[in-house]
Amino acid sequence: MCRWLAYSGTPILLDSILYRPKHSLIDQSLHSKLGVETTNGDGFGVGWYGSHTDTPAVVRDIGPAWSNRNLREIAGHVRSPLFFAHIRASTGSSVQETNCHPFRHGRWMWMHNGAIEGFDRIRRDLALAVDPELFLSVEGSTDSELMFYLALTFGLERDPPDAVARMAGLVERVGREHGVAFPLQMTVAVTDGRRLWAFRYSTRKASRSLFYSTRVETLRSLHPDVAFLREISDGTRLIVSEPLGDLPGAWNEVPESRYGVVRPEGDVMHRFAPRAA
């Protein structure tokens with residue numbers, strides 16, 4: 001499986017969230033505590049939004065994140081209000097740049113931890129459900145990227161929760177038609193550069209770990225001596241595969257079969273269930 005983080009809020013250097021925390025994503029690439037694998041070294045990717053364009057920049061590589069000098073260089077110089085970062089542990093697909101997350105289409109970014117069970121058996125049926133024009137943009141061979149393009153096919157740009165629910169419904173239906181009892185395992189983050197959605201769901205109802213940060217004003221009252229909390233806005237939020245540190249009260253588990261939305265007008269969380277495509 002994989003580990004990922006999504007940040008939304010006050011513009012900061014990528015280094016602040018990627019390297020500096022005690023149990024940073026870089027540390028998790030070698031010493032994951034909650035993942036299926038301890039080591040996540042089958043590639044990495046980071047994506048961010050600048051002020052001059054609506055489309056995100058994405059940098060990906062097939063090597064491990066912990067030793068990549070270019071990633072360290074970028075992290076110390078790139079500042080943004082919205083970051084995606086992902087470290088990969090392959091579930092079977094090739095270790096190649098086009099299979100590294102996050103995936104991008106237009107102004108949208110997507111990253112995933114989990115797997116489609118029996119993907120080799122149902123991949124063709126799922127691929128045929130992708131809009132033909134969108135299918136031209138598929139570059140890699142992962143279930144994660146195909147999930148993204150299915151969600152785009154089902155209207156991600158209009159209604160992200162509905163599109164992801166329809167994608168999940170299709171995966172489960174096709175999987176069961178091919179004899180797969182528990183087809184889907186996912187934590188997903190998706191953004192258009194302004195809002196951020198995060199989903200936690202699995203057919204087994206035993207999903208991979210996912211956490212969100214406590215509201216900043218609450219953390220300031222609990223930890224008035226932490227300088228980082230004085231530098232960020234009340235609307236700043238982190239969503240992570242596993243906590244970046246052990247600051248008391250900082251992290252909350254996303255409940256099973258839920259999705260959350262981080263947006264300027266306030267955060268909300270709802271139940272999530274697949275639906276017929």
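Computed from a predicted model, the values in this text were never measured in an experiment.
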Exercise. Using only heavy-atom distances, determine whether the side chains of S209 and R3 contain a donor-acceptor pair under 3.5 Å.
Key: yes
Value for OG (S8) from CG (L82), rounded to nearest 0.5 Å, stands at 5.0 Å
Enclosure of E133 CD (heavy-atom neighbours >12, cutoff 6.0 Å):
no
Exercise for the section: Go through the side-chain N and O atoms of T10 and E231 and say whether any donor and acceptor fall under 3.5 Å apart. Expected result: no
Smallest heavy-atom separation, V240 atom then W251 atom, equals CG2-CZ3, 3.6 Å
Between the CD atom in Q96 and the OG atom in S90, the distance rounded to the nearest 0.5 Å is 9.5 Å
The side chain to side chain donor-acceptor pair (under 3.5 Å) partner of S207 among E256, R200, R258 is E256
Fill in: K22 and D27: CA distance, side-chain angles, deciding distance, salt bridge (charged side-chain N to carboxylate O under 4.0 Å, His left out) verdict
CA-CA 8 Å; K22 180 179 180 181; D27 182 63; over 6 Å; no
Closest non-hydrogen contact found for M109 with F84 is O-CE2, 3.7 Å
T218 meets the side chain to side chain donor-acceptor pair (under 3.5 Å) criterion, sequence neighbours left out, with none
More than 12 heavy atoms of other residues, nucleotides or ligands under 6.0 Å from CD of E242: yes or no? yes
Side-chain ion pair, E177 and R173, N-O less than 4.0 Å:
yes
Would you say L150 and L126 make side-chain contact, with heavy atoms under 4.5 Å? yes
Output for pair (L146 CG, H112 NE2), nearest 0.5 Å, gives 11.5 Å
- Item | Basic-acidic side-chain contact under 4.0 Å: E139, R60 | yes
Contacts of D61 meeting salt bridge (charged side-chain N to carboxylate O under 4.0 Å, His left out) (sequence neighbours excluded), chain-then-number -> none
Heavy atoms of W110 and S144 approach each other most closely as NE1-O, 3.3 Å
Please determine whether the number of non-hydrogen atoms from other residues, nucleotides or ligands lying under 6.0 Å from atom CZ of R158 exceeds 12.
no
Handout entry: H270 atom NE2, over 12 foreign heavy atoms within 6.0 Å
Key = yes
Answer yes or no for R237 and Y212: cation-pi contact, defined as NZ/CZ to six-membered ring centre under 6.0 Å and angle to ring axis within 45°.
no
Taking atom CZ as the centre, does R204 end up with more than 12 heavy-atom neighbours from other residues, nucleotides or ligands that are less than 6.0 angstrom away? no
Heavy atoms of H223 and P248 approach each other most closely as NE2-O, 2.7 Å
### Query
Looking at D143 and R123, does any basic side-chain N land under 4.0 Å from a carboxylate oxygen?
no
